[in-house]
Amino acid sequence: MSLSLYNTATRSIETFKAITAGKVGIYLCGATVQAEPHIGHIRSGVNFDILRRWLIHSGYDVCFIRNVTDIDDKILHKAVHENSPWWAVAMKYERAFTEAYRALNVMPPTYEPRATGHITQMIALIERLVERGYAYAPGNGDLYLEVRKLASYLTLSGQKLDDLLPAGDADESMKRDPRDFALWKGSKPGEPSWPTPWGDGRPGWHLECSAMAHAYLGEEFDIHGGGLDLIFPHHENEIAQSQAAGYGFARVWMHNAWVTASGEKMSKSLGNSLIVREILKRVRGIELRWYLGSAHYRSMLEFSFEALEESAIAFRRIESFLQRAAEYGEVKPAISGEFKAAMDDDLAVPAVLALISGWLRAGNTAISEANTSAICDAASKIRGALEVLGCDPFDAAFTADQASVSSNKKEVLDGLIAGLLQEREEARARKDFASADRIRDRISSLGITIEDTASGPRWSIS
RNA sequence: GGUGGAGUGGCCGAGAGGCGAGGCUCGGGACUGCAAAUCCCGCUACACGGGUUCAAAUCCCGUCUCCACCUCCA
C-alpha cells in the first residue's frame, strides 16, 4: 500500500506519486507576519509538519519551503498603529512565529524565503506575464493580471468568474475586468517601494508565493499546502500567475481546516487567550501539539480549554507509560504495519490515536506482568508513532528544557525523597499507617506524587 | 445571489452500505492497609421526513440548523 492524499484540486483522494522518484517538493504558505501567532496558524504548521515527517519516514527526500510574507497591507497598517517601522513589525512577529514553531517541535523548513528578499524574482515573473500578454500596466503604477484570459481560472475553488464580486484591491476604473487582481501596486507616499520598469511600487499579496515556489521548487512541484481559507483568492491567484507564465505549478493541493471557537472560525472571535504564547502558559508545547494534531487535518477542530486539558491528560498517560517502559530496557521506535496503513490513508491521525490506545493498554498490562518483551514491543510502536506525530517525549526538542535542571540537583532531590520513602516503607512494614500516610501527605504537599507499585514506590513531580 | 463544508451518545472525536473506532466523564468490579496508577465490565449514538436495498450513520430526494469563502485570513 502506498500513500494517498486528498487533493483539493480534484476533490478526491489520490495515490501520491512524486514527480521525481524519491523526492518531494512542498510549498507551504506560511505566515503574513503582522500579529502574534494564534493556535489556528500553528495548527497549519503542525499538520504539514506531520505530513513532512511521514514523507521522510516513507523514504522521501523532502524539500520543504515555507515562506514568510513580510510586506503586505496589514503590516503597513500595523506599523502605523504600533508607531514603528514596517520592517521592525515584520521581524518582531516573524520571531514570534519562529518561537511558536520551535515550542511545538515543528521542523524548520528546508528554506524559509521572505517576500522582500525576492523582489527580483517577482519582477521577472511580471515581465514574463506582460510578455505573454496576461498582465497589463494601465498607467497608474499598478499591474494587473487579466483573469478572463485564463480558461482554468477558479478551478480550485469551483467558482464561476461572473458570480464573483469585484476585487476591491485597487482602482476599479483602471482594470479591464473588475475581477482582475493586482500583481504589483504603485507606490504611495510614505510606503516602502522598489524600482521596476513600470515605476516604483510594492508587491501585491499573491505574487510572492508564485515567485518563490518557482525559485526553489521549479516550474512544477509536488504539493502546495495552506489553510482552507487560502483556496480563494490566494491559491487561485497563485495558480493564475504561474500558469499564465507557462508553469505547471503544484500537482497536489492540500488544505488544513481551521480551529473554531464556539463553532466559529477563530479569527472572527479573536481572543488574546488563543495566542500560542498564552496557551503555552497552561500546557506544555508537546501537549498543545498533541491536541492540535489529534483531529484529522481536514476536520474543524473545536477549541475549548476543557478539551485541551483533557487531551493533555491523555498524553501524560502515554508519556507515563513510556517512562516506566524505559526502566525495563531499550525501546527503539518502530513503525507498525497498522500505523503505516493509517498514515498512508490521507494521514488518518485519529485512527492512529485508537491504535496507540490499544498499545498503551497492552503495555500497561505487560508492566503489571513484568513481561519485558511485551513492554518493549508496545513502547516501540508507541514511540514510532509519536516520532512521526512530532510528539516523542524523548525528542531532544522537548527534553532540552528539562535538562536545564542540572542533574546534580535531580540527584539531591532523588536522595531526599528516597530517604523519606524508605521511612514510609518501614512504617508500612510495621503497619503504622498513620505515620506512613503522614510522610506521603508531606511529600505530596510539595507537589510530588507517590505511587506504590509491585517493585516498590515510585515518585514523580505532578 | 454564487461556491464549499458540517450536524454522531454527557463531552471530545473517527468512520462513509453489513459484524457498533478510540478517548474522556459517569456507574460497577479487580488490585491496594488506604490512596495513586493500572486492568476488566457497563452506558448502544449518528439533525428531521421520505425513498432505494436482504441490509442505511453511510446511497438518493426533500427539509431544518450551523459554519466558511466570494480579494485581510492558517
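Convention: sequence-line order gives letters A, B, ...; per-chain numbering from 1.
Partner assigned to B:C59 is B:G51, using Watson-Crick or G-U wobble distances below 3.5 angstrom. Pairing partner, B:G9: none, since no Watson-Crick or wobble contact has both distances short of 3.5 Å. B:G4 is paired with B:C67 under the Watson-Crick or G-U wobble criterion, all donor-acceptor distances under 3.5 Å. Across all strands shown, nothing is found opposite B:C34 as a Watson-Crick or G-U wobble partner with both distances under 3.5 Å. Across all strands shown, B:A74 has no partner, as no Watson-Crick or G-U wobble contact with both distances under 3.5 Å is found.
Distance check on atom C1': B:U71 versus B:U65 gives 29 Å, rounded to whole Å. Remark: the separation of the C1' atoms in B:G15 and B:G23 is 15 Å, to the nearest Å. Taking atom C1' on both B:A45 and B:G2, the two are 35 Å apart, rounded to the nearest angstrom. The P atoms of B:C39 and B:U25 are separated by 12 Å, rounded to the nearest whole Å. Using atom C1' as the reference point in both B:C46 and B:A16, the two lie 12 Å apart (nearest Å). As rounded to the nearest Å, B:G13 and B:A6 have P atoms that lie 14 Å from one another. Atom name C1', nucleotides B:C40 and B:C31: the rounded distance is 11 Å, in whole Å.
The side chain of A:S299 contributes an N or O atom lying less than 4.0 Å from OP1 or OP2 of B:A14. Between A:R317 and B:U38 there is a side-chain N or O to OP1 or OP2 distance below 4.0 Å. Side-chain nitrogen and oxygen atoms of A:N364 include at least one within less than 4.0 Å of the OP1 or OP2 phosphate oxygen of B:C39. Note on A:R361: a side-chain N or O is less than 4.0 Å away from OP1 or OP2 of B:G23.
Side-chain atoms of A:R324 and base atoms of B:A37 include no donor and acceptor less than 3.5 Å apart. The base of B:G2 is not paired with the side chain of A:D162 by any donor and acceptor separated by under 3.5 Å. No hydrogens or angles were tested; on distance alone, nothing pairs the side chain of A:K265 with the base of B:C67 as donor and acceptor under 3.5 Å. With hydrogens and angles left out, the side chain of A:Q159 and the base of B:G4 share no donor-acceptor pair within 3.5 Å. With hydrogens and angles left out, the side chain of A:D229 and the base of B:C70 share no donor-acceptor pair within 3.5 Å. With hydrogens and angles ignored, no donor-acceptor pair under 3.5 angstrom links the side chain of A:R179 to the base of B:C70.
Taking for each of A:L230 and A:W258 the nucleotide of RNA chain B with the nearest heavy atom, the 5'-most of the two is the partner of A:W258. Each of A:A314 and A:G158 lies near RNA chain B, and the nucleotide nearest A:G158 is the one positioned closer to the 5' end.
You'll find the side chain of A:P113 stays beyond 4.5 Å of the side chain of A:V68, heavy atoms only. Looking at A:F48 and A:R66, their side chains never come closer than 4.5 Å, going by heavy atoms from C-beta outward. A:F181 has its side chain out of reach of A:P233: every pair of non-hydrogen atoms, C-beta onward, lies at least 4.5 Å apart. Taking 4.5 Å as the limit, every side-chain heavy atom of A:E36 sits out of range of all side-chain heavy atoms of A:V276. A:S4 has its side chain out of reach of A:D345: every pair of non-hydrogen atoms, C-beta onward, lies at least 4.5 Å apart.
A:L143 and A:V130 make their closest contact through CD2-CG2, 3.9 Å (heavy atoms, listed as atom of the first residue, atom of the second, distance).
Note: CD1 (A:I443) to P (B:A35) measures 19 Å, nearest angstrom. Separating the CD1 atom of A:I450 from the C1' atom of B:C34 is a distance of 15 Å, rounded to the nearest angstrom. We find that CD of A:E310 is positioned 12 Å from C1' of B:G22, with the value rounded to whole Å. In this structure, CG of A:L161 is placed 13 Å from P of B:U71, rounded to the nearest angstrom. The CZ-C1' distance, from A:F315 to B:G22, rounds to 17 Å in whole Å. Taking atom CH2 of A:W290 as the reference point, atom P of B:C24 lies 12 Å away to the nearest angstrom. B:U38 atom P lies 14 Å from atom OH of A:Y328, rounded to whole Å. Distance CD (A:E369) to P (B:C40): 11 Å, rounded to an integer number of Å.
Checking A:S84 against A:E82 by side-chain atom types alone, no donor-acceptor pair falls below 3.5 Å.
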